Amino acid sequence: PSQRPSTRAAAAPPAAPSGASTRSARRSTPCATATSSAPGGAPSAGLARSARRHGLPTFYLKPVQTGFPDDSDASFVAEKATGARGQGPGMSTMGHHAATAAGRAQGGTNLPLTDGGGPAGNFWAHTEYAWRRAVGPHVAVAEEGRFVSDRALLASVTNQLAQFADTVVGPNERSGGAGIAFVETAGGVCSPGPSGTPQCDLLRPMRMPAILVGDGNLGGISTTLASLDVLSMRGYDVVAVVVADGGAGLGNSDAIGRYA
């Protein structure tokens with residue numbers, strides 16, 4: 001994917017999403033990913049690859065994507081985590097809304113956990129809503145239409161996570177009851193969603209713990225700490241801050257670590 005500033009967060013909710021059983025919430029961990037400046041999907045790809053290395057069923061969910069399908073974080077994460085390329089079983093899937101952006105109106109699915117899955121049957125990557133232009137989602141909606149409300153987006157994320165929980169620990173259990181899901185935002189912590197609502201507010205009802213991916217570049221200390229404060233003030237449990245130094249050698253990790 002193209003390199004563009006963003007701030008994503010990854011996390012596990014203290015309570016089950018609506019539609020998921022309490023048992024599922026205890027044993028599977030939904031996560032959200034947010035970064036201050038890193039190539040789209042790159043931090044999540046590393047997290048997903050690590051989870052798979054530990055034998056955990058892993059679900060990467062990108063609720064909102066622009067620049068699609070040329071820029072697809074789900075395909076990028078699937079490729080890096082599993083070695084698979086493209087769309088479809090063993091690779092990544094897309095919802096009906098995203099399929100329209102890709103020019104494949106009949107190619108979408110609401111059941112990525114059934115229709116997708118990595119080579120070992122324990123990895124899924126899915127894009128739900130997407131627009132062709134590589135701009136903010138609220139701008140893409142103004143230009144291309146196909147509006148998505150906050151309520152619809154939250155319901156979709158809840159449904160996908162419930163599917164994953166049922167697959168991991170429910171009647172379709174594959175893994176002995178442990179797994180992790182990453183929900184990656186589109187852009188930064190305060191970047192607007194399709195409705196214009198900042199994503200830190202849009203996803204707040206789900207109370208997902210967050211992994212903040214910090215910026216290792218010049219100016220990244222301030223950007224990362226500001227993002228951390230935004231999440232903390234809204235009640236997110238920031239379980240980790242991962243700084244993508246990229247070889248810059250500017251000491252950002254140490255400076256952020258002293259504060260975080």
Side-chain angles (χ1 to χ4, degrees), residues 1-14 30-50 60-67 71 73 76-77 80 131 133-141 150 153 157 182-260:
S2 60
Q3 296 196 12
R4 59 182 185 274
S6 58
T7 307
R8 310 178 178 96
C31 295
T33 1
T35 78
S36 35
S37 183
S44 291
L47 292 167
R49 189 176 182 88
S50 177
Y60 171 84
L61 175 61
K62 184 79 172 184
V64 175
Q65 175 81 65
T66 61
D71 191 355
D73 287 346
F76 177 81
V77 170
K80 297 303 180 183
W131 292 263
R133 276 260 286 150
V135 293
H138 62 304
V139 176
V141 167
D150 293 353
L153 196 152
V157 172
F182 297 99
V183 180
E184 183 168 19
T185 63
V189 164
C190 293
S191 293
S195 70
T197 301
Q199 288 174 85
C200 53
D201 292 330
L202 198 164
L203 294 173
R204 188 172 181 269
M206 301 197 72
R207 285 288 290 119
M208 287 190 289
I211 296 171
L212 176 64
V213 181
D215 186 354
N217 297 309
L218 186 63
I221 296 172
S222 177
T223 302
T224 303
L225 295 184
S227 297
L228 180 61
D229 278 351
V230 165
L231 293 172
S232 298
M233 286 188 293
R234 282 166 171 77
Y236 284 90
D237 297 318
V238 182
V239 296
V241 178
V242 180
V243 179
D245 275 327
L250 300 175
N252 289 20
S253 296
D254 292 339
I256 293 167
R258 285 194 294 271
Y259 179 86

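Bear in mind that the values here come from a model prediction, so they are computed numbers and not experimental data.
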Does a side-chain heavy-atom distance below 4.5 Å link V238 with L228?
yes

V77 side chain reached by F182 side chain, heavy atoms, under 4.5 Å
no

Tell me yes or no: between the side chains of D150 and T197, is some donor less than 3.5 Å from an acceptor?
yes

Looking at OH of Y60 and CG of L47, how far apart are the two atoms once the value is rounded to the nearest 0.5 Å?
10.5 Å

Between T223 and G220, is there a donor-acceptor pair closer than 3.5 Å when you use the side chain of the first and the backbone of the second?
no

Taking the side chain as every heavy atom from C-beta outward, state whether P194 and V64 have any atom pair closer than 4.5 Å.
yes

Please report the interatomic distance CG(N252) to CG(L250), rounded to the nearest 0.5 Å.
5.5 Å

May I ask you to decide if C200's main-chain N or O and Y236's side chain share a donor-acceptor pair within less than 3.5 Å?
yes

Does T66 use its side chain to pair, donor to acceptor, with the backbone of P137 at less than 3.5 Å?
no

Without swapping roles, check the side chain of K62 against the backbone of V183 for a donor-acceptor pair under 3.5 Å.
no

Audit row: S44, D73, side-chain contact (heavy atoms from CB on, under 4.5 Å) steps and yes/no
CA-CA 9 Å; S44 291; D73 287 346; over 6 Å; no

Q199 side chain to S191 main-chain N or O, any donor-acceptor pair under 3.5 Å?
yes

What verdict does the side-chain contact (heavy atoms from CB on, under 4.5 Å) test give for I256 and V241, after you've listed the backbone C-alpha separation in whole Å, the side-chain angles of each residue and the deciding distance to 0.1 Å?
CA-CA 8 Å; I256 293 167; V241 178; 4.0 Å; yes

Heavy atoms of T185 and G188 approach each other most closely as OG1-O, 4.4 Å

Taking the side chain as C-beta and beyond, is there a heavy-atom pair between V242 and P43 under 4.5 Å?
no

Taking all heavy atoms of R234 and all of R204, pick out the closest pair and write down the distance.
O-NE, 2.5 Å

Are the side chains of L225 and I221 in contact, using a 4.5 Å heavy-atom criterion?
yes

